[in-house]
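Structure, as structure tokens:
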Amino acid sequence: MGSNLYFLPGMSDQDQDTYINDLAQYGAKVVRVWVNQQAGGGHCEKGSKLSVSVPPLETTLGKFNNQTLDAVDKVVDKLSKKGIKAIISPHDANSLLGDYRKDVYSAKWSKTSFYNSKDASDAYDKRIEYILNYKGATSGKVWKDWSDAIMAFDLQNEPMSPDTSVCKNNDKGNWLCGRAKKFRSVLGADNKIQIATGGIGGDISHGCTFIQAATQCAEIDLVAVHRYGGSEGSNPNQWANSAKGWLQQSGGKLVFVEEWGVNTGSNSPKTELPAQADDLNKAGIPNLYWQFLPKKTCSYDPSKDSGDKFGIFVESDTDIAAVMKGASNAKAAQDWSKIMG
């Protein structure tokens, strides 16, 4: 078990160390981080004061800011030294919505044309190649060769979620498998680093997670499920009941829940987190929570967040350590030993 934390590179060294030490003591195995912009300047993000300003990887298409990757490299190196592996999401599909997350891709392509245009795919392939061949400023490691620290790369965070008609049409532009082929060609056929889908179409309720364009693509290794369901009390065994079908749909690929969360606005995380985690453990599905938040350094209440009520602070009255221990002791439904061993 582990956590997502998209703003970890924007935190101060001390706050990063405190958070990573907390997760390591709890028994976390994996943390998912993103190649993205960080506000810095004391901005309060989900209860963390961000002190490190990080630019977008690309402010001009095809010109890359190493400062962005340097910030990610630093936290991946810290995680690795604590025995925690990283999943790296190289881009956020939500930028294609053109809102406050807009970037160089949304400036040139629409949320639909990005996945159907050869020039967009070529531009994104250059991003993939640059990221994989990047040599860490802190680690000194070329990322594509750093399987001891990097478990997997997502194709993208929630590809096609801005326009799910693209994935509901089974990705006619072959974007998913095309990008997976690019990843694998740069990584090499025998590289232990995995290629994950990143949650196709966003939440599983959108009907895209297990499309054949992904499950029948040889270069895709892991199917990432993003699911935000109701309480365990209102839907007992929701994870175990769903997981059987997921494994049948996966085309033999490994399945994990990359994002899930407890709605803290309507449920107590103290009881709901262990209830759902136990259900996931019964299902034998590895998972990353959205999000175990660092110890609070600025004012924020997840239960009052209009768009994201799922955060649970470390060092709170919710026993995250017991939940992670339960996951470590659970029997997996599939064989993950070659990846996590």
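These values consider heavy atoms only, across backbone and side chains, with no hydrogens, waters or symmetry-generated copies.
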Report whether F64 and V186 are members of the same hydrophobic cluster (ILVMFWY, side-chain heavy atoms less than 4.5 Å apart, transitive linking).
yes
When you compare the side chain of L61 with that of K108, does any pair of heavy atoms fall below 4.5 Å?
yes
Are any of the side-chain heavy atoms of I320 and V314 separated by less than 4.5 Å?
yes
For N21 and K82, test the side chains for any donor-to-acceptor distance below 3.5 angstrom and give the result as yes or no.
yes
We want to know whether N66 and Y130 form a side-chain donor-acceptor pair, criterion being a heavy-atom distance below 3.5 angstrom.
yes
May I ask you to check whether W260 and Y228 place their ring centres under 6.0 Å from each other?
no
Is there a donor-acceptor contact under 3.5 Å from the side chain of R127 to the main chain of P90?
yes
For the atom pair OG (S303) and CG (N263), what is the distance rounded to the nearest 0.5 Å?
9.0 Å
Side-chain heavy atoms of K46 within contact of D308, under 4.5 Å
yes
Check for a donor-acceptor pair, side chain of N4 on one end and backbone N or O of R32 on the other, with a separation under 3.5 Å.
no
Evaluate D171 against Q212 for side chain to side chain contact (heavy atoms under 4.5 Å, CB included), listing each step before the verdict.
CA-CA 9 Å; D171 183 22; Q212 290 184 352; over 6 Å; no
Separation of H226 NE2 from E259 CD (nearest 0.5 Å):
4.0 Å
Residue of the set C217, P159, C208 for which side-chain contact (heavy atoms from CB on, under 4.5 Å) holds with L176
P159
Determine, using the 4.5 Å side-chain heavy-atom cutoff (strictly less than), whether I150 and L187 are members of one ILVMFWY cluster.
yes
Does the side chain of Y300 pick up a donor-acceptor pair with the side chain of D305 at under 3.5 Å?
yes
Does a side chain donor of either N157 or S89 reach within less than 3.5 Å of an acceptor in the other side chain?
no
Examine the side chains of Q156 and R179 and answer whether a donor and an acceptor come within less than 3.5 Å of each other.
no
Would you give the length of the straight line joining atom CD of Q276 to atom CG of N287, rounded to the nearest 0.5 angstrom?
10.0 Å
Would you sort out whether D278 and K282 count as a salt bridge (charged side-chain N to carboxylate O under 4.0 Å, His left out), showing the intermediate values?
CA-CA 6 Å; D278 286 349; K282 280 185 222 162; over 6 Å; no
Applying a strict under-4.5 Å side-chain criterion to I, L, V, M, F, W and Y, I'd like to know whether I193 and W143 cluster together.
yes
Close side-chain approach of D154 and T197, heavy atoms under 4.5 Å:
no
H206 vs S161, test: side chain to side chain contact (heavy atoms under 4.5 Å, CB included). Steps then yes/no.
CA-CA 9 Å; H206 299 152; S161 58; 5.6 Å; no
Whether the side chain of S110 engages the backbone of S113 through a donor-acceptor N/O pair (distance < 3.5 Å, no angle test) should be reported.
yes
Between D92 (side chain) and N94 (backbone), is there a donor-acceptor pair under 3.5 Å?
yes
Electrostatic pair D319:K270 at N-O distance under 4.0 angstrom:
no
In Å, rounded to the nearest 0.5 Å, how long is the span from CD of E315 to CD of Q25?
8.5 Å
Within the 4.5 Å heavy-atom criterion, are K295 and D15 side-chain neighbours or not?
no
Closest heavy-atom pair and its distance - S250, L247
OG-O, 3.0 Å
Yes or no on side chain to side chain contact (heavy atoms under 4.5 Å, CB included) for V223 and L254, after CA distance, side-chain angles and deciding distance?
CA-CA 6 Å; V223 177; L254 294 173; over 6 Å; no
Take the angle between the ring planes of Y105 and H91 and call it parallel below 30°, perpendicular above 60°, tilted in between.
perpendicular
In this structure, is the centre-to-centre distance between the rings of F310 and W290 below 6.0 Å?
no
Stepwise, does the side chain to side chain donor-acceptor pair (under 3.5 Å) test hold for K78 with Q16?
CA-CA 8 Å; K78 288 181 177 187; Q16 287 174 356; 2.9 Å; yes
Output yes when a side-chain donor or acceptor of E129 lies under 3.5 Å from a complementary backbone atom of D125, and no otherwise.
no
Trace of the ring-ring contact (aromatic ring centres under 6.0 Å, His included) decision for W175 with Y124:
CA-CA 10 Å; W175 189 90; Y124 196 77; 5.4 Å; yes
More than 12 heavy atoms from other groups under 6.0 Å of NZ on K126
no
Got more than 12 heavy atoms from elsewhere within 6.0 Å of NZ, K135?
no
So, do L5 and P294 sit near enough that their side-chain heavy atoms are less than 4.5 Å apart?
yes
Any side-chain donor-acceptor pair under 3.5 Å between S95 and D103?
yes
Using a 3.5 Å distance criterion without hydrogens, assess whether the side chain of D73 forms a donor-acceptor pair with backbone atoms of S139.
yes
Working for side chain to side chain donor-acceptor pair (under 3.5 Å), residues D70 and Y134
CA-CA 9 Å; D70 292 346; Y134 160 82; 2.6 Å; yes
Counting N and O atoms only, with roles assigned by atom type, does the side chain of S80 sit under 3.5 Å from a partner on the main chain of D77, one being a donor and the other an acceptor?
no
Where the side chain of E232 meets the backbone of N237, is there a donor-acceptor pair that is under 3.5 Å apart?
yes
Under 4.5 Å between any side-chain heavy atoms of L222 and M151, yes or no?
yes
Quick check on the hydrophobic clustering: are F153 and L79 connected, directly or via other members, by side-chain heavy-atom contacts under 4.5 Å?
yes
For K141 and D148, what are the C-alpha separation, side-chain angles and deciding distance, and is it a salt bridge (charged side-chain N to carboxylate O under 4.0 Å, His left out)?
CA-CA 10 Å; K141 305 282 190 180; D148 286 347; over 6 Å; no
Determine whether R227 and Q238 satisfy the following criterion, side chain to side chain contact (heavy atoms under 4.5 Å, CB included), listing intermediate values before the conclusion.
CA-CA 11 Å; R227 179 182 182 271; Q238 56 182 308; 2.9 Å; yes
Does one side chain, of S328 or K29, offer a donor that lies under 3.5 Å from an acceptor on the other?
yes
Distance from L155 atom CG to I220 atom CD1, nearest 0.5 Å?
5.0 Å
If only atom types and distance count, is the side chain of E58 paired as donor or acceptor with the main-chain N or O of G62 below 3.5 Å?
yes
Are V30 and I339 connected in the hydrophobic side-chain network, where two residues link if heavy atoms are under 4.5 Å apart?
yes
Determine whether the side chains of N133 and K144 contain a donor N or O and an acceptor N or O closer than 3.5 Å.
yes
Compare all side-chain heavy atoms of K253 with those of F210 and state whether any distance is below 4.5 angstrom.
no
Does a side chain donor of either Y6 or E45 reach within less than 3.5 Å of an acceptor in the other side chain?
yes
Keeping the roles fixed (side chain from T209, backbone from V225), state whether a donor-acceptor pair exists under 3.5 Å.
no
Value rounded to 0.5 Å, distance of CG in N170 from NZ in K168:
13.5 Å
Where is the tightest heavy-atom contact between I20 and V75, given as atom of each residue plus distance?
CD1-O, 4.2 Å
